[in-house]
Amino acid sequence: MYKLIKKQGNARRGEFTTVHGTVQTPAFQNVATCGAIKGGLSAYDLKDINCQVQLCNTYHLHVRPGDQLIKDLGGLHKFTGWDGPILTDSGGFQVFSLAKLRKIREEGVDFNCHIDGHHIFMGPEESMRIQSNLGSTIAMAFDECVENPAPYEYAKQSCERTTRWLIRCKEEMNRLNSLPDTINKNQLLFGINQGCTYDDLRMKHMEEIAKLDLDGYAIGGLAVGEPKEDMYRIISAVDPIAPADKIRYLMGVGTPGNIIEGVYRGVDLFDCVMPSRNARHGHLNTWNGIININNAKYERDERPIEEGCNCPTCQKHSRAYVRHLLKAKEVLGLRLCVTHNLYFYNNLMQEIRNALDNDTFDEFHDKYVDILDTRI
RNA sequence: GUGGAUGUAGCUUAGUUGGCCUAAAGCGCCAGUUUGUGGCACUGGAGAUCGUGGGUUCGAAUCCCAUCUUCCACC
């Protein structure tokens with residue numbers, strides 16, 4: 001259940017209530033594809049980095065360890081030890097990212113497993129069943145994330161198929177939520193807007209899925225190589241069409257600057273692998289821009305990654321030590337860096353919410369939108 | 001002092017029947033890429049007058065002479 005608290009321009013301050021807790025929005029989802037944030041963070045670490053909601057992946061957990069196993073062991077919350085909200089991505093992104101290993105047809109998608117090559121079929125019903133077995137808070141509809149650029153005619157047909165798949169997802173979820181042994185009978189369903197970078201397809205598609213009265217609306221298929229101006233234009237085009245009383249989720253985005261621009265255009269929810277992936281490569285977010293801790297200039301730097309940062313890493317450790325650990329390929333180095341970057345992202349969202357509460361978001365936008373994505 | 005071995009990029013080494021060497025690799029260094037995670041990844045760059053000085057040769061990291069470094073053995 002989404003509740004809009006206040007608006008500044010198109011930017012929205014709200015809260016989203018679920019059976020696993022309430023999320024203050026705008027919010028960032030911490031990505032735990034295989035049931036764990038890469039870099040060695042456990043459920044007990046998530047509170048320290050102010051994580052509100054986690055994202056796990058249907059395809060990856062279906063492949064390993066298997067959704068039936070997770071259901072038998074009590075569901076994803078019990079399995080991972082995280083009792084807050086969990087959103088599961090549907091496998092739709094793997095239609096894009098595993099493009100060489102799959103074939104699409106009306107019923108669904110045939111994958112060759114990326115680990116051992118065995119055949120996996122996933123359609124709307126299969127994705128919903130897996131997500132129901134996982135018992136996540138929010139299930140995403142099974143869609144096709146189309147590559148960029150894509151021909152208009154293909155984008156149109158794919159978009160129409162994604163709508164047909166969405167209707168099948170909704171029917172299957174209603175059935176699953178009414179079964180006696182379903183782990184989370186209150187599982188929510190978000191639909192996903194597609195249409196590549198074609199404004200008319202995007203707007204028409206959003207109109208159609210808005211009629212289905214879903215629990216939330218996502219904008220998918222962006223940040224897949226298109227110029228960021230296209231991304232911002234599409235968000236602005238579909239924003240007025242998405243139901244105002246439902247949460248809006250911009251999938252897979254992005255840099256701190258992307259997030260600020262997204263909030264500016266009405267987005268409530270984000271997720272992205274960048275903070276964790278970049279952290280593993282030594283690229284660390286600060287309020288002055290991005291530093292590469294591997295650089296020689298940090299060899300004897302006794303300061304924390306960012307002075308004034310309250311993250312667990314900066315409370316205790318120097319740049320010199322963090323750099324040493326990464327250079328020495330110690331797993332603690334990854335953990336400390338991922339901890340810092342995810343804390344930064346969650347803190348960024350907190351600062352955005354504070355700015356909205358204080359009606360200073362426009363100033364916040366102008367001050368930080370460029371600098372946070374700059375390399376220093 | 002005598003005999004032997006050694007010397008090629010910051011480091012560790014490859015290359016020594018003279019020509020494909022305007023010298024190669026790994027690590028390190030530097031820079032870039034990363035957006036619903038097939039990624040602890042990938043791409044690129046800088047960096048060596050081959051210990052030094054002579055010589056032989058059309059041509060030398062490679063052969064010869066001298067000299068220095070380091071190491072080993074013997075006295």
Side-chain angles (χ1 to χ4, degrees), chain A residues 28-40 53-61 63-64 87-102 111-117 120 127 131 136 138-146 148 162 190-194 216 218-228 230-231 249-259 261-262 267 269-283 285 290 292 294-299 323-338 341 345 373 375-376:
Chain A
F28 179 77
Q29 302 177 85
N30 296 232
V31 179
T33 302
C34 298
I37 291 171
K38 290 185 194 292
V53 49
Q54 269 203 93
L55 181 148
C56 298
N57 187 282
T58 300
Y59 171 87
H60 292 275
L61 291 172
V63 169
R64 192 165 56 188
L87 179 146
T88 40
D89 188 27
S90 62
F93 186 71
Q94 279 60 48
V95 179
F96 163 75
S97 65
L98 301 178
K100 288 181 204 145
L101 302 174
R102 55 80 174 147
F111 290 97
N112 291 321
C113 174
H114 68 287
I115 295 171
D116 64 9
I120 299 168
S127 178
Q131 295 185 74
S136 59
I138 303 157
M140 294 305 299
F142 187 69
D143 66 333
E144 180 191 357
C145 179
V146 178
N148 178 272
T162 286
F190 285 10
I192 305 174
N193 173 247
Q194 291 288 351
I219 305 171
L222 293 178
V224 290
E226 79 285 355
K228 64 181 181 182
D230 287 356
M231 174 165 78
Y249 164 27
L250 179 58
M251 303 186 79
V253 174
T255 68
N258 293 156
I259 288 174
E261 292 288 14
V267 176
L269 189 60
F270 301 84
D271 83 278
C272 192
V273 304
M274 286 184 99
S276 44
R277 181 182 292 171
N278 284 348
R280 282 180 269 134
H281 301 156
H283 296 191
N285 296 100
I290 299 166
N292 183 352
N294 290 303
N295 289 170
K297 62 184 172 183
Y298 301 119
E299 192 174 23
R323 177 179 189 274
H324 157 68
L325 293 176
L326 279 192
K327 290 285 182 188
K329 303 203 186 299
E330 286 289 341
V331 290
L332 179 59
L334 304 179
R335 182 174 145 85
L336 294 179
C337 289
V338 171
N341 270 7
Y345 264 64
D373 291 356
R375 258 166 212 294
I376 54 173

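A note on names: the letters A, B, ... follow the listed sequences, proteins ahead of strands, and every chain is numbered from 1.
Between the base of B/rU33 and the side chain of A/His281 there is no donor-acceptor pair shorter than 3.5 Å. If you check distances only, the side chain of A/Ser276 does reach the base of B/rU37 with a donor-acceptor pair under 3.5 Å.
Within the nucleic acid shown, A/Gln29 has no heavy atom closer than 4.0 Å to any nucleic acid atom. Nucleic acid contact for A/Arg64: none, since no nucleic acid atom lies under 4.0 Å from a heavy atom of the residue. Residue contacts for A/Gly225: at a heavy-atom cut-off of 4.0 Å it reaches no nucleic acid atom on any strand shown. The residue A/Glu144 sits apart from the nucleic acid: no heavy atom pair falls under 4.0 Å. A/His60 comes within 4.0 angstrom of sugar-phosphate atoms only, judged by non-hydrogen atoms across all strands, and of no base. Base contact: A/Ile192 has a heavy atom under 4.0 Å from a base atom. Among the protein residues, A/Asn57 comes within range of the sugar-phosphate backbone only, with heavy atoms under 4.0 Å from sugar or phosphate atoms but none that close to a base. Heavy atoms of A/Lys100 sit nowhere under 4.0 angstrom from any nucleic acid atom. In this structure, A/Asp271 reaches the sugar-phosphate backbone alone: every heavy-atom distance under 4.0 Å involves primed, P, OP1 or OP2 atoms, never a base. Within the 4.0 angstrom heavy-atom criterion, base atoms lie near A/Asn258.
At whole-Å resolution of the value, CD in A/Gln54 and P in B/rU37 are 13 Å apart.
Nearest to the side chain of A/Lys327, among B/rG28, B/rA31, B/rC40, sits B/rG28. Of the candidate nucleotides B/rC30, B/rG39, B/rG32, B/rG39 has the atom nearest to the side chain of A/Arg277. Comparing B/rC29, B/rG38, B/rG36 against the side chain of A/Ser90 picks out B/rG36 as the nearest. Closest to the A/Val273 side chain, of the nucleotides B/rC30, B/rU34, B/rG36, is B/rG36. The side chain of A/Arg375 has B/rU34 as its nearest neighbour among B/rG39, B/rU34, B/rA31. Taking the side chain of A/Ala223 as heavy atoms from C-beta on, and the options B/rC30, B/rU33, B/rU35, the nearest nucleotide is B/rU35. Closest contact between the side chain of A/Leu101 and the listed nucleotides B/rG36, B/rG38, B/rG32 involves B/rG38.
One P atom belongs to B/rC72, the other to B/rU57, and the distance between them is 40 Å to the nearest Å. On the P atoms, B/rU56 is 26 Å away from B/rU16, given to the nearest whole Å.
Checking B/rG26 for Watson-Crick or G-U wobble geometry (two distances, each under 3.5 Å) identifies B/rC11 as its partner. For B/rA48, there is no paired nucleotide, since no Watson-Crick or G-U wobble pair has both relevant distances below 3.5 Å.
In terms of position along RNA chain B, the nucleotide closest to A/Arg323 lies nearer the 5' end than the nucleotide closest to the other residue of the pair A/Arg323 and A/Ile37. Nearer to the 5' terminus of RNA chain B, by closest-nucleotide assignment, is the contact made by A/Asn292 (compared with the other of A/Asn292 and A/Tyr249).
In this structure, A/Tyr59 and A/Phe111 have tilted ring planes: the angle between them lies in the 30° to 60° band.
At B/rU35, none of the side-chain N or O atoms of A/Thr255 fall inside 4.0 Å of OP1 or OP2 (strictly under the cut-off). Phosphate contact (OP1/OP2 of B/rG38, side-chain N/O of A/Gln94, threshold under 4.0 Å): present.
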